[in-house]
Amino acid sequence: MSPPTFRTRDLVKIYRTGAVEVQALRGVDFEAAPGEFVVMLGPSGSGKSTFLNIIGGLDHATSGEAWFQDHELTAYDERELTLYRRDHVGFVFQFYNLVPSLTARENVALVTEIAREPMRPEEALALVGLADRMDHFPAQLSGGEQQRVAIARAIAKRPEVLLCDEPTGALDSRTGVLVLEALARVNTELGATTLVITHNVAIQEIAHRVVNFANGRIVSAHANAERKPASAISW
Amino acid sequence: MSALDRKLLRDLLRLWPQALAIALVMAAGAATLIVGVGAHASLSETRAAYYERNRFADVFANLTRAPKILADDIARIPGVAAVEPRIAKIALLDLPGVAEPASAMFVSQPDLHPPRLNLLHMRSGRAPAAGDESEVVISEPFAKAHGFAIGATFDALLNGRKRSLRVVGTAMSPEFIYAVGPWDLIPDERRFGIVWMSERALAAAYDLDGAFSSVHLKLLPGTSEAAVIERLDAILSRYGGLGAHGRRDQFSHAFLDAELKQLAAMSRILPPIFLLVAAFLVNMTLSRMIALEREQIGLLKALGYADSAVGLHYLQFVAAIAVVGIVIGFVFGTWLGAGMTRLYSDFFHFPFLVFRRDPAVYLLAAGITLAAAVAGAVMAVRDVVRLPPAVAMSPPAPARYRRMLPGWVYGLVRLPQSLVMVSRHLMRWPLRSLSTLFGVAFSVAILVSSMWAFGSIEHMIDFTYRRADRQDATISFAVERPRAALASVLALPGVLAAEPYRAIPVRIRHRNVERRVAITGKPPDARLSRVLDRDAVPVRLPATGVALSDALARILDVGIGDEVELELLERDRRVVRVPVAAVIQGYLGLNAYMDLEAANRLMREGAVISGVHVAFDSRQRDALFRSLKQTPVASFIALQRISLQKFRETLAQNILIQITVFALFAATIAFGVVYNFARISLSEQGREMASLRVLGFTKGEVSGILLAELALVTLVAQPLGWAIGYGIALLVILGFESELYQVPLVVERNVYAWASLIVIGAAIVSGLVVRRRIDRLDLVEVLKTRE
Ligand SMILES: Nc1ncnc2c1ncn2[C@@H]1O[C@H](COP(=O)(O)OP(=O)(O)O)[C@@H](O)[C@H]1O
Ligand SMILES: [Mg+2]
């Protein structure tokens, strides 16, 4: 059996701002199998984003271990983390963070130019259903479309993992569903391990597994016996 | 302190590097204005006060010999307030321990009454006793150069006879603020001094008892100088008068005029450039700040602050920067001005020299700087005032980008997306990009327009001393000598070649333009002191007609074939018309040349020469100098190599100081412009850069995007800066042009290279400072928020 994509052990993150200490993570043990689609739920401030940022190589843990396949992320320095992000991770955020001076296609090309075995930008955009909007600038696209460009940009490098922090947070139900469909499709077709943070309980039904965060810990987890297609949910 | 004031203060503290960069550019503007205007005022007022106190004459005339009684006739010319007949002669000195021959201008001091004009400013000792044949007062710089104190003695060859002289005082005179020996380029205190002695004693030495050889006049206010000169010339014509002239042709005065003109040019050209750039910067920075604070502006207005109060808040921000700039400019300008004053006192000889700290100059500098700042702010602030609160509170419409080229071009060229980002971002704010471009270009231009002088002067020196005047020394006779004198010079030890010349003082006229010049007669095949055309090709002087230097031809507005009128100021004082046979190149003074024999024919004299150019064997230098010092016939011996060296030293010193200051200013501008541009770019693109980092771009790649933007602007600005710099140099040259010297505009390639190097260096420094900020971008933080 292949090793898990992610494995963390007793992951702790403490933010220090002046005299104030915030325990964002208080010992998280987690595992995700290759190709798994995991939804992470939990109240605001429970440490979900912090966790995702650490395993995505954006932030350093205070203690504990985080592994990607057989690489220990917690031992990586700044430069190795950058390369890890570049080669293996696709990110999608609530705010799309597109480059406004580049068209949809060019935003995707930004990544394919530095990736090792990328798909063509057109291919990635087709995968998220934007084949006909490729030459539009972000300012000319709707929120849902911009988020799908962001997904296309995240997957164009064929990442092993796709990390999404409230990808539908800024979208209404109808466009949100389109974005979720795109994520589900990428998950199946590319086999990327997909972690999606949301505060939207409805979304959990499209996952293989649901993880609940509270107070800097994973308090419960369960597998869905049956997954719903994204088109079947609404909020 | 109101809440808005507190915001103002915090904004200033937060943006201090940007604010300081702008303030420094403003400071450069204010400082150059203060130095330029201040030094001009100091110099011209010091000169005026000195002239006034020491009764500097208005009209000057030299002649062969006239009885002193003639002074009464001169005094009766209408408008003449005072007449001072005197004796003035240049003579060789024999100084203890100085190998090179030196000379001095000997000027008489009246014995029977106190001097009426050109009063000495005594620095030490006393005036020479009436009739005393050995007591002298010497010019202070000359005394200092030789360490002569009261009681020191030295020898002089007066009218061919050696005299021993004793120093009884040192002094300065308004006549010799800038004292240059004949054939010299620059004052050399070691080799040329002024010696004042009793009129009776000097008259005895030169057989001029009861006579004078020079006369100075003071005019009543409102008198026509030209009319007096005409009357004076008429009176002196029978006595060998060499043509009277006004202050314009008095060397020391003319040189100071040229210097004043340069200062005026400097204060007209430089400050506007600095202040224009400062206005650009203010506009750039404020526009960005206002874009970022849109919502706050809306909030303030919604809370009930008047449009004008909000607008004023931003104006105050700019005014605060301007005040900092003005203060720095004041301090730096005052310091620089004091330095300039010190430079002047080394160069010019004033008994007093005040660096005028005229409050009006400071007020002017402050006013103009503030005006430039407000001008830069006005557009941005107008937007603030006009912004309706409801619109301000909603986020701004996202920046709209356009493709600059059809889509297929991008497919074809396959630019990396990072470069596409750079180019689109630059084109999105074309005005800002252009201002930055021009800002950087101006800093290059300032350097080019200050450093060209090195190359131009080198060119001038090379042309004048290596191509045209190739002699090692020039011996000027006290009076004309037969051409046979050439042979006795050739016989001197170490002399390799000798070439005669004849100098004829004339007034040269065309239509209503007239100048006093000396026509130099030369052998047609001269090999030492040659006449060259614009391409440095030797010109064979024709048997008839004169060759004019191009500056003189331009002033007289004549070309080859035109006739000019020559009024001979020696001998029979005829007026003759001669054709212009050639126009030649000459950078120093106004020159006219003629064939030597034609010159003798013109003067209706035999083969007569005024002096000899000499090439000598430097190994026999000392022997030659020893015998030259004893030569009774020479009054002055110019040593071209030595004066050239002195010229270079003085110039190198002056120009080096000037260029250092300008380089500092230019680097300040370059840094200020690039740094502001980079910070604004970063504030606009910081979010994009953080997302690129998230996508896996390295720090180097991300800062590369911003640095590429800076590099692009900086590089494109270089040729533009060279062109603007050349233009400014042209303007500066026009400002510098005087009849004493013409400066050729020669900008060597290394000037461009150095200018670019300094500016690119400053740009790199500001790029690195901004890079450190990019490296410290907080990735996680950016992603949490919407801009
Ligand atoms: N940069 C930071 N500095 C200080 N505290 C932080 C920082 N980022 C997050 N926190 C704190 O860490 C805790 C977890 O935050 P986060 O992971 O963003 O929660 P979630 O994504 O589940 O809402 C919160 O209490 C938050 O205030
Ligand atoms: Mg979160």
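Per chain, numbering begins at 1; letters A, B, ... match sequence-line order. None of these values were measured; they are calculated from a predicted model.
- Annotation for A:K157 and B:L695: closest pair NZ-O, 3.5 Å, computed over non-hydrogen atoms.
- The stretch residues 60-70 of chain A participates, sequence neighbours left out, in these salt bridge (Lys or Arg N to Asp or Glu O under 4.0 Å) pairs: A:R9-A:E65.
- With a threshold of 4.5 angstrom between heavy atoms, A:E166 does not approach chain B through any atom at all.
- Chosen from A:V99, A:N107, A:D135, the residue pairing most often with chain B at heavy-atom distances under 4.5 Å is A:V99.
- Within the model, atoms CG of A:L58 and CZ of B:R693 stand 9.0 Å from one another, a figure rounded to the nearest 0.5 Å.
- For CZ of B:F438, the number of neighbouring non-hydrogen atoms (other residues, nucleotides, ligands) closer than 6.0 Å is 12 at most.
- A:F93 contributes atom CZ, which lies 8.5 Å from atom OG of B:S691 (distance to the nearest 0.5 angstrom).
- Under a cut-off of 6.0 angstrom, the local environment of CD in A:E189 is crowded, with over 12 non-hydrogen atoms contributed by other residues, nucleotides or ligands.
- Taking all atoms of both residues into account, the shortest heavy-atom contact from A:L98 to B:E688 is O-CG, 4.4 Å.
- Counting non-hydrogen atoms of other residues, nucleotides and ligands closer than 6.0 Å to CZ of B:R14 gives a total above 12.
- Applying the side-chain contact (heavy atoms from CB on, under 4.5 Å) criterion to A:A24, with sequence neighbours excluded, gives A:K13, A:Y15, A:T50.
- For the pair B:Q417 and A:L102, the tightest heavy-atom approach, listed with the atom from each and the gap, is O-CD2, 3.9 Å.
- For the set A:V111, A:D87, A:I114, the entry with the most heavy-atom pairs within less than 4.5 Å of chain B is A:I114.
- Distance check, rounded to the nearest 0.5 Å: CZ of B:R424 to OG1 of A:T103 gives 6.0 Å.
- In this structure, the portion of B:E701 lying under 4.5 Å from any heavy atom of chain A is its side chain and not its backbone.
- B:P719 is linked by a side-chain contact (heavy atoms from CB on, under 4.5 Å) to B:W722, counting only residues two or more places apart in sequence or in another chain.
- Remark: B:R773 CZ is loosely packed, at most 12 non-hydrogen atoms of other residues, nucleotides or ligands lying under 6.0 Å away.
- For a heavy-atom cut-off of 4.5 Å, chain B lies close to A:R79, A:T82, A:R85, A:R86 in residues 79-86 of chain A.
- Formation of a donor-acceptor pair under 3.5 Å by the A:E106 side chain with backbone atoms of B:V420 is not found in this model.
- For the atom pair NE2 (B:H425) and OG (A:S101), the distance works out to 7.5 Å, reported to the nearest 0.5 Å.
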